[in-house]
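Notes follow once the structure below has been shown.
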Amino acid sequence: MIFDEFQGHCRQFLSHNIVLIGFSGSGKTTVGRYLAEVTGFTCYDVDHMIEQQMGQSVQVVFNRYGEAYFRDREQEIIKQVSAAKHAVIACGGGVVLNSVNVSNLKKGGKLVWMKTDPETIYNRLKQEHDRPLLNGKGIEEIMSMLSKRYCLYEEAADYEVSTDGKSVVHVGYDILRQFIDSQMLPDIDCCSLTPH
Ligand SMILES: Nc1ncnc2c1ncn2[C@@H]1O[C@H](COP(=O)(O)OP(=O)(O)O)[C@@H](O)[C@H]1O
Ligand SMILES: O=C(O)C1=C[C@@H](OP(=O)(O)O)[C@@H](O)[C@H](O)C1
Ligand SMILES: [Mg+2]
């Protein structure tokens, strides 16, 4: 099946938005971009939208105005993007802390939890310095934060996909496969999307 045909199928049959949730470093932003490319849906990255609105990075927003202010902006953007159609929505890791966000996202979307081990998160993020809640944190601290949020991700999720040891393409394929298996998408030949 060629790309254009696959995108046509997604537009025709996939009536829900694809909403990516999970801890920082699980790949929501990266896989979101990839899934938007293959489905032809529009990618909305909530953190990037906040950055555009504020003209400042998430890190600077946290430093200048504090987390509560960031969470208010996040809630506004989530409300806005939840009304979109044919969308891939890459959330920030803390989106599930607010149940209003979860119910807004569920109105038009299926929530996919990108389950990732603390070691993988640590390894993916150790060179990055733009995650205000994680900068300089080690595996133990990641484990502790993740364990506090674990049941929130679990409760919010319609689908779960493990990302450890998988390429971005592989994770994207596993997400689409879950939609096919639950008959959200017809069982089409998506060999062009086969993981490598
Ligand atoms: N499946 C993957 N395998 C390897 N690296 C990945 C994978 N997914 C994401 N990454 C990398 O991990 C880092 C964090 O990814 P990102 O998409 O920003 O995660 P999130 O938005 O969930 O915080 C980035 O450097 C990205 O390139
Ligand atoms: O886990 C969190 O509370 C946050 C995760 C970040 O997004 P990523 O999950 O894309 O890192 C960003 O929204 C902000 O730094 C807060
Ligand atoms: Mg992100």
Side-chain angles (χ1 to χ4, degrees), residues 18-38 43-54 56-78 81 87-102 105 111-137 139 141-153 156-157 159-177 193-196:
I18 304 173
V19 181
L20 304 181
I21 62 168
F23 206 75
S24 276
S26 56
K28 303 176 296 294
T29 293
T30 315
V31 174
R33 221 176 279 142
Y34 169 74
L35 278 178
E37 213 177 287
V38 294
C43 186
Y44 296 94
D45 188 290
V46 175
D47 285 341
H48 291 170
M49 291 173 79
I50 295 171
E51 290 180 332
Q52 274 175 345
Q53 190 186 67
M54 298 291 298
Q56 295 162 21
S57 69
V58 165
Q59 176 77 53
V60 171
V61 174
F62 262 75
N63 290 346
R64 287 206 184 141
Y65 308 104
E67 180 171 349
Y69 180 88
F70 172 85
R71 298 297 176 199
D72 288 346
R73 301 288 74 73
E74 185 177 51
Q75 186 179 324
E76 280 171 13
I77 301 279
I78 294 280
V81 298
V88 178
I89 303 173
C91 298
V95 84
V96 293
L97 298 170
N98 179 347
S99 61
V100 174
N101 289 338
V102 175
L105 289 163
L111 275 59
V112 182
W113 176 20
M114 313 219 351
K115 273 181 110 168
T116 309
D117 286 345
E119 291 77 10
T120 307
I121 293 167
Y122 174 77
N123 285 321
R124 287 190 191 154
L125 296 183
K126 63 185 175 206
Q127 314 288 4
E128 299 195 11
H129 307 285
D130 55 353
R131 322 261 168 174
L133 298 177
L134 289 180
N135 291 340
K137 300 279 198 301
I139 294 184
E141 287 151 310
I142 291 172
M143 273 167 90
S144 149
M145 264 181 87
L146 184 56
S147 69
K148 288 189 192 124
R149 290 182 178 183
Y150 198 89
C151 59
L152 295 174
Y153 292 129
Y159 298 95
E160 294 178 15
V161 155
S162 145
T163 84
D164 299 298
K166 292 179 189 165
S167 68
V168 170
V169 173
H170 194 155
V171 175
Y173 176 88
D174 282 356
I175 292 171
L176 293 173
R177 197 69 238 171
L193 310 167
T194 302
H196 46 261

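For ligands, and for the atoms within them, numbers begin at 1 and follow the listed sequence.
Side-chain N or O atoms of E51 include one that pairs as donor or acceptor with a backbone N or O of V58 at under 3.5 Å. Without hydrogens or angle criteria, T30 side chain to G27 main chain gives no donor-acceptor distance under 3.5 Å. A donor-acceptor distance shorter than 3.5 angstrom exists from the side chain of K28 to the backbone of G22, with no hydrogens or angles considered. Remark: the backbone N or O of G92 is not paired with any side-chain donor or acceptor of D47 at under 3.5 angstrom. For R149 (side chain) and G93 (main-chain N/O), a donor-acceptor pair under 3.5 Å exists by modelled atom type.
Among the atoms of D47, some N or O lies under 3.5 angstrom from an N or O of ligand 2. Between K166 and ligand 1, at least one N/O pair is under 3.5 Å apart. Any N or O atom pair closer than 3.5 Å counts here, and V31 shares no such pair with ligand 1. Residue S24 has no N or O atom closer than 3.5 Å to an N or O atom of ligand 1. On a distance-only criterion, G25 and ligand 1 share at least one N/O pair closer than 3.5 Å.
In the vicinity of G27, heavy-atom distances shorter than 4.0 Å reach the ligand 1 atoms 8 (N), 9 (C), 15 (O), 16 (P), 17 (O), 19 (O), 20 (P), 22 (O). Taking a cut-off of under 4.0 Å to the non-hydrogen atoms of F23, the atoms of ligand 1 that pass are 22 (O). Taking a cut-off of under 4.0 Å to the non-hydrogen atoms of V58, the atoms of ligand 2 that pass are 14 (C), 15 (O). Residue T29 approaches ligand 1 through these ligand atoms, each under 4.0 Å from one of its heavy atoms: 17 (O), 18 (O), 21 (O). When each atom of ligand 2 is checked for a heavy atom of L133 under 4.0 Å away, the hits are 2 (C), 3 (O).
Of the listed options G93, P132, C91, G93 places a heavy atom closest to atom 5 (C) of ligand 2.
How far CG of L176 is from CG of L35: 5.5 Å, rounded to the nearest 0.5 Å. Separation of atoms CG (N101) and CD (E76) is listed at 11.0 Å; rounding is to 0.5 Å. Separation of atoms NZ (K137) and CZ (R131) is listed at 14.0 Å; rounding is to 0.5 Å. Between the CE atom of M143 and the CG atom of D117 there is a distance of 9.5 Å, given to the nearest 0.5 Å.
Summary of contacts: the protein heavy atom closest to atom 17 (O) of ligand 1 is T30 OG1, 2.4 Å. Remark: minimum distance from atom 24 (C) of ligand 1 to any protein heavy atom is reached at E128 OE2, 3.4 Å. Protein heavy atom at the shortest distance from atom 5 (N) of ligand 1 is R124 NE, 3.6 Å. The protein non-hydrogen atom at the shortest distance from atom 2 (C) of ligand 2 is G94 N, 3.3 Å. From the protein, the heavy atom lying nearest to atom 8 (P) of ligand 2 is S24 OG, 3.4 Å.
Among all heavy-atom pairs drawn from M114 and T163, the shortest one is CB-CG2, 3.8 Å. Between L20 and V31, the closest heavy-atom pair is CD1-C, 4.1 Å.
Contact annotation for M114 and ligand 1: no heavy atom of the residue comes within less than 4.0 Å of the ligand. Under 4.0 Å from ligand 1, the heavy atoms of S167 that appear belong solely to its backbone.
At least one heavy atom of R149 sits less than 4.0 Å from an atom of ligand 2. Under the 4.0 angstrom criterion for non-hydrogen atoms, R71 is in contact with ligand 2. Contact between Q127 and ligand 1 is absent, with no heavy atom of the residue lying under 4.0 Å from the ligand. Residue R131 places a heavy atom under 4.0 Å from ligand 1. Heavy atoms of G22 stay at 4.0 angstrom or farther from ligand 1.
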Any chance you could lay out the side chain to side chain contact (heavy atoms under 4.5 Å, CB included) test for T29 and H48, step after step, and finish with the verdict? CA-CA 9 Å; T29 293; H48 291 170; 3.9 Å; yes

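Within the 2.8 Å limit, T29 places at least one N, O or S atom next to the Mg ion (ligand 3).
If you run side-chain contact (heavy atoms from CB on, under 4.5 Å) between I142 and each of L134, L125, T116, only L134 comes through.
W113 and Y153 have parallel rings, their planes meeting at less than 30° on a 0 to 90° scale where 60° marks the start of perpendicular.
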